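Quick notes on the structure that follows.
All figures in this text were calculated on a predicted structure; none of them were measured in a lab. Quick note: numbers below take in every heavy atom, side chains included, and nothing from hydrogens, waters or symmetry partners. Naming convention: chains lettered A, B, ... in sequence-line order (proteins, then strands); numbering from 1 in each chain.
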2 protein chains.
Amino acid sequence: MKRTDLGKLPCSIARTSNLLGDWWTPLILREAFYGVRKFDEFAGRLKIGRNVLTQRLNRLTDENILVRKRYQDKPLRYEYRLTDKGRALFDVLAAMIRWGDDWLAEAAGPPIELVDINTGKVIRPIVVDAKTLKPIEPRNIDVRKGPGFPNNMKL
Amino acid sequence: MKRTDLGKLPCSIARTSNLLGDWWTPLILREAFYGVRKFDEFAGRLKIGRNVLTQRLNRLTDENILVRKRYQDKPLRYEYRLTDKGRALFDVLAAMIRWGDDWLAEAAGPPIELVDINTGKVIRPIVVDAKTLKPIEPRNIDVRKGPGFPNNMKL
DNA sequence: TAAGTGAGTTGCGCAAGTGAACTCACTTTG
DNA sequence: CAAAGTGAGTTCACTTGCGCAACTCACTTA
């Protein structure tokens, strides 16, 4: 069915949702962060339709989230690697992990833990203000038009 | 069309994506954070199909993200308010805002700014480790099974 | 009685997702 | 050299979601 193009709205939530706002894309990105690179690896681990996977990988490549790289010549074979833009999406996945751990995990605890390779310690993501390093209380927040807001539009 | 139920996977990204992973839900939540409560307010601001809006609001209510509250008796009228569980989703939206600002905003800058009501200062979200308060570098991260991971499943 | 209001519901046409089978271009095996 | 195997898609039938507009319901207002 048709889908409204959210990418054009002057809102970063809409623009990001235009990209991530579907069932599979966050999970494809999760697999990419896990180190998965090849088409059949994605397909096998995700139990996703191959046509859907193809469509999503193409979309992520077009948006420069993943880059399609040849890793073998005979026969020609490609793999999908995260770009810097793609790697930065880890923060969104981390926020999803944190919220899911807090609100959807069963009594046993989180299903998965993030671990720092160097220190061996469990990492718990938290969203804070970059300046004060304090959690952001939505009740204390207002929104206003930023420099990139079109002059002829309403909030 | 049919959709794979991601809510059952032992992964917080999948569980959270099961809820947020569609076109409209993040935007509905955005409006809720903006203070929108009534059905027609959501509908008017979002240009969303009324059937889709109904379905999403019901889903969010079922999941205790929003609570449907009577605010008038004659005639009977309801509004949708964020719960604590719903308010906590602000962190995911904040991470989306930050990523969108960094990677999708045009040269003019972010379309929207978050502002602290009390100090009047612009807030820039960032995702850090709760203990070290340092940004999380995905290259330094590994994943392992957490306490809530089922014994009979693979990562 | 007619019009207005908020909150949905219905119906239609189109398009996306699921699951399985298929195709392509190659390599490997006997 | 034919058959089988492999990675990476493509195709297809079926099911169901979405955009859009019109409609319904329960009430109030003039």
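Of all the residues in residues 37-45 of chain A, A:Lys38, A:Phe39, A:Asp40 reach under 4.0 Å from DNA chain D with at least one non-hydrogen atom.
Annotation for A:Val36 and A:Glu41: closest pair CG1-CB, 3.6 Å, computed over non-hydrogen atoms.
Donor-acceptor pairing under 3.5 Å, judged by distance alone, is present between the side chain of B:Asn51 and the base of D:dC20.
Checking D:dG19, C:dA7, D:dG9 against every side-chain atom of A:Thr54, the shortest atom distance belongs to D:dG9.
A salt bridge is defined here as a Lys NZ or Arg NE, NH1 or NH2 lying under 4.0 Å from an Asp or Glu carboxylate O, and A:Arg68 with A:Asp62 fails to meet this definition. Here B:Glu63 pairs with B:Arg59 in a salt bridge; the nearest charged N to carboxylate O distance falls below 4.0 Å. Between A:Asp101 and A:Arg98, none of the side-chain N atoms (NZ, or NE/NH1/NH2) sits under 4.0 Å from a carboxylate O, so this pair counts as no salt bridge.
Atom CH2 in B:Trp23 sits about 11 Å away from atom C1' in C:dA16, given to the nearest Å. A straight line from CG of A:Leu57 to C1' of D:dA8 spans 11 Å, rounded to a whole angstrom. At whole-Å resolution of the value, CD in A:Gln72 and P in D:dT6 are 14 Å apart. If you take CZ of B:Arg68 and P of C:dG6, they are 16 Å apart, rounded to a whole angstrom. Rounded to an integer number of Å, the gap from CG of B:Leu53 to C1' of C:dA7 is 10 Å. As rounded to whole Å, 15 Å separates atom C1' of D:dA8 from atom CD1 of A:Ile28. The CD-P distance, from A:Glu79 to D:dG7, rounds to 14 Å in whole Å. Between B:Ile48 atom CD1 and D:dA21 atom C1' there is a gap of 16 Å when expressed in whole angstrom units.
Using a distance-only test at 3.5 Å, with no hydrogens or angles considered, no donor-acceptor pair links the side chain of A:Glu106 to the main chain of A:Ala108.
Sorted by first and then second residue, the ring pair (Phe, Tyr, Trp, His ring centres under 6.0 Å) pairs involving residues 48-92 of chain A (not counting sequence neighbours) are A:Phe33-A:Phe90. Judged as a salt bridge (Lys or Arg N to Asp or Glu O under 4.0 Å), the pairs with a partner in residues 122-131 of chain B (not counting sequence neighbours) are, in order, B:Asp102-B:Arg124. For residues 14-29 of chain B, the set of pairs meeting the salt bridge (Lys or Arg N to Asp or Glu O under 4.0 Å) definition, not counting sequence neighbours, comprises B:Asp22-B:Arg56.
A:Arg45 meets the salt bridge (charged side-chain N to carboxylate O under 4.0 Å, His left out) test with A:Glu31; sequence neighbours excluded.
Close to D:dG19, at under 4.0 Å from its OP1 or OP2, lies a side-chain N or O of A:Thr4. For the OP1/OP2 pair of D:dG9 and a distance below 4.0 Å, the side-chain nitrogens and oxygens of A:Tyr80 include at least one atom meeting the criterion. Phosphate contact (OP1/OP2 of D:dC18, side-chain N/O of B:Arg56, threshold under 4.0 Å): present.
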In 5'-to-3' order, the base (B), backbone-only (S) or no-contact (-) status of each nucleotide in nucleotides 22-30 of chain D, using a 4.0 angstrom heavy-atom cut-off, is B----SS--

